[in-house]
Amino acid sequence: MSQLSEQEIVRREKLKEFERLGIEAYPAALYEVNATSKQILSTFKGEEGEAEWHVSIAGRIMAIRLMGKAAFAVLEDQHGRIQLYVSKNDLQRGEDSTLWDEVFKKLLDIGDFIGIKGKVFKTKTGETSIHVHEFTFLSKSLKPLPIVKEKDGEIYDSFSDPELRYRQRYVDLIVNQGVRDTFLKRTQIIKTIRDYLNEHGGIEVDTPVLQNIPGGAAARPFITHHNALDTEFYLRIANELYLKRLIVGGFEFVYEFSRNFRNEGMDRTHNPEFTVLEFYVAYKDYFWMMDFTEQLFEKIALKLHGTTDVPVGDNIVSFKAPFKRIGIIDAITEATGVDISAMNEDQLRELCKKHRLEVDATMGKGKLIDELFSELCEKKFVQPTFIIDYPVEMSPLTKKHRSKPGLVERFELMINGKEIANAYSELNDPIDQRARFEEQAKLMERGDDEAMFIDQDFLRALEYGMPPTSGIGIGIDRLCMLLTNQASIQEVLLFPQMKPEKQA
RNA sequence: GAUUCUGUAGCUCAGCUGGUAGAGCAAUACACUUUUAAUGUAUGGGUCUCGGGUUCGAAUCCCGACAGAAUCACCA
C-alpha cells in the first residue's frame, strides 16, 4: 500500500466521525428498493393530477451541489442517474439537525452509496428529481473518484487514460457513461444468439479447456502443467474437435461459447484469451449454414439496434439477409487481375512476391492463397460477404467440395474487412482426415509451428462414423466490436489482458 | 518482437532554449432553500514513473528499466 493522499486521509477520518455519531458506515441490513432511475425518468410526466409517487432507491452519489440549506445530488444506479433534491427542513428531526448538518453536509462524499426515500417531482427547470425525506448510509467510499462532467454532450475532465480505464475497469464503469452500456450490449448479443440456437434445437455443452492435444485451429498454444499427473497440458485454441466428437456421440446440434487461448501477439483486435461460439449441426452442409448464419446475424442486429443498418466506423453495415457470396479464387482473381485457379505452389509464390508479400519456404499452396487473400482482398469486404470454396491445403478439417476439385466446402464471413466467422461442411471421412493430418505433420516438419497435431482419438471417433455435419466458429469479441462500433477489443472485454502492474 | 509517441496533484492537462512546479475539476473552511460543468471567497495538496549519468544546478539533456498507446510483424 502506497502512501495515502490527502483526500484519502480525510475520508478515513470521516469514518471515526461515523463511529462517534453511532452511524454504521458499512451496514449489514438489506435496503428495500422499489424503483430504478430509468423507470422513474421514463414514466414520470410531472403533469397535474398525476398521482404522487413515493420511491425508495439506492445507488452511488456522483455529484453534490450544496446550496446553503438545500442541495442537489446525483444518484447513479445500474440503470442510470437521477437527481436528488435534499433540504435541511426535510432531514430535520425535531430539534435534531444532525442528519443534515453532520451526515449529509460533512460526511457524504462523491462515491458513497446511500439509499433514499422520497417523492418524485420536476424541478423549475423541468428535470425529474426525487425530493428526499429520508436517507440511509449504505457504504463509504475511501478513494476519490475521477469527476467527469458533462454539458451539452461535451465531456469535461474525462477519465480517459486507457491504462487506468482497463486496469481499474470498475472505475471506468462508474464514471464513464456508456461503458456499462457496451457491456450490457455484449450480454444482449450473447443472449440473442443463445436464444436463437436454443429455439432451433441447439444443446449447450462444455468441453475441456485443458487439452492434451491442442486441436481445431492453426495457432500457438499456451502450455501449462498438471502437478498430480506430472503432465503438460495445453489451453485450448479451439473446441472444434470436441464438439465433433459429440456429434459422433449422437447429439445433432451442439454449441459452446468457448474461451480460447492463443500465445500470440496482442493488439487492438487480439487478446490472449477470447471467445468463439462454435456450433455443429448434423445432416446439414455449408449452404444451409450460410442461410442459418445470415438469419442469425440479421436477428442480432435487429434485436440490438432495431434495424439491420448498423454504423461501423465511417460505414453503415447492412445485416439484411441474404449476404453476398463469392469464391476465394474469384475474389483474388478480381483483386489481382490474374487467374490463379490453375497455378501451382511456385507460381503462387511468384505472385505473392510480385505484390511484395512476405513468403518463405515453409508456406504451402494453401498458406500462399490465404496470404494473397488476406493481404489483397480482405479489407475490401465491408458489407457482410461469404467468401466460399477454399483450397484444400488450408482447410485440413473441411470436406472436399462436391463438384470443384482441389477446393473444400468452406466459407468465411467477412464484415468491415475482418473475418467474423469461419464454417464448413465438416470432414467426416476418417481416411481422408488421417491423410490431411499427415499433410499437417509434414508442414510441421518444414517448420510451420502452427500446423496441426495429429489427434488419434479424434480419428478413432470419426472411424465410428460421424453424420454429414456443418459447423461454424463465430468470433464473439469481434462481433461485439462491430455491433457496438468499437475499434478496440479492449473496449468489449471487461478485463482485457495487461502486463502485471508493478507493486510499489 | 520492431519502430514512434507518452508517463507532472485523486482526474484532465500546462510547464519555451536546464535555475527546484502551475490551471481547472475534486478536497478543506465559510456563504447561499429548485441547482445542474451551480456560484463566490479563502486554504491545503506533488520522491515531476523508477534507477543511473552530465551539470554549480535536472520535471526539462543523455543512458537504462517499467508501464501504456499507435503503426508494423504473427494471428482470430
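Proteins get letters first, then strands, A, B, ... in listed order; numbering begins at 1 in each.
- Using a 4.0 Å heavy-atom cutoff across all strands shown, A:Gln490 reaches sugar-phosphate atoms only and no base atom.
- Within the 4.0 Å cut-off from OP1 or OP2 of B:A37, not a single side-chain nitrogen or oxygen of A:Lys149 is found.
- Identified under the ring pair (Phe, Tyr, Trp, His ring centres under 6.0 Å) test for residues 86-110 of chain A, with sequence neighbours left out: A:Trp100-A:Phe104, A:Phe104-A:Phe135.
- Between A:Lys143 and B:G10 there is no side-chain N or O to OP1 or OP2 distance below 4.0 Å.
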I need a per-nucleotide contact map over nucleotides 27-33 of chain B, read 5' to 3'. Cutoff is protein heavy atoms under 4.0 Å; write B for the base, S for backbone only, - otherwise. SS-S-BB
Let me check something: any side-chain donor-acceptor pairs from residues 69-79 of chain A under 3.5 Å, sequence neighbours excluded? List them with distances.
| from | atom 1 | to | atom 2 | distance (Å) |
| --- | --- | --- | --- | --- |
| A:Glu76 | OE1 | A:Arg81 | NE | 2.6 |
| A:Glu76 | OE1 | A:Arg81 | NH2 | 2.9 |
| A:Glu76 | OE2 | A:Arg180 | NH2 | 2.7 |
| A:Asp77 | OD1 | A:Ser37 | OG | 2.7 |
| A:Asp77 | OD1 | A:His79 | N | 2.9 |
| A:Asp77 | OD1 | A:Gly80 | N | 3.1 |
| A:Asp77 | OD2 | A:Ser37 | N | 2.8 |
| A:Asp77 | OD2 | A:Ser37 | OG | 3.4 |

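- In this structure, A:Gln83 does not reach the B:U34 phosphate: none of its side-chain N or O atoms is under 4.0 Å from OP1 or OP2.
- More than 12 heavy atoms of other residues, nucleotides or ligands sit less than 6.0 Å from atom CD of A:Glu17.
- Residues satisfying the ring pair (Phe, Tyr, Trp, His ring centres under 6.0 Å) test with A:His133, not counting sequence neighbours, are none.
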Watson-Crick and G-U pairing of RNA chain B, under 3.5 Å, as dot-bracket with | and [ ]: (((((((..((((.....[..)))).(((((.......))))).....(((((..]....))))))))))))....
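- Computed from coordinates, the A:Ile174 CD1 to B:A26 C1' distance equals 15 Å when rounded to whole Å.
- Contact check, A:Arg167 against B:G68: a side-chain N or O comes under 4.0 Å of OP1 or OP2.
- Both thresholds, 5.5 Å between centres and 30° between ring planes, are not jointly met by A:Phe72 relative to the base of B:A38, so the two rings are not stacked.
- Note on residues 481-500 of chain A: pairs passing salt bridge (Lys or Arg N to Asp or Glu O under 4.0 Å), not counting sequence neighbours, are A:Arg165-A:Glu491.
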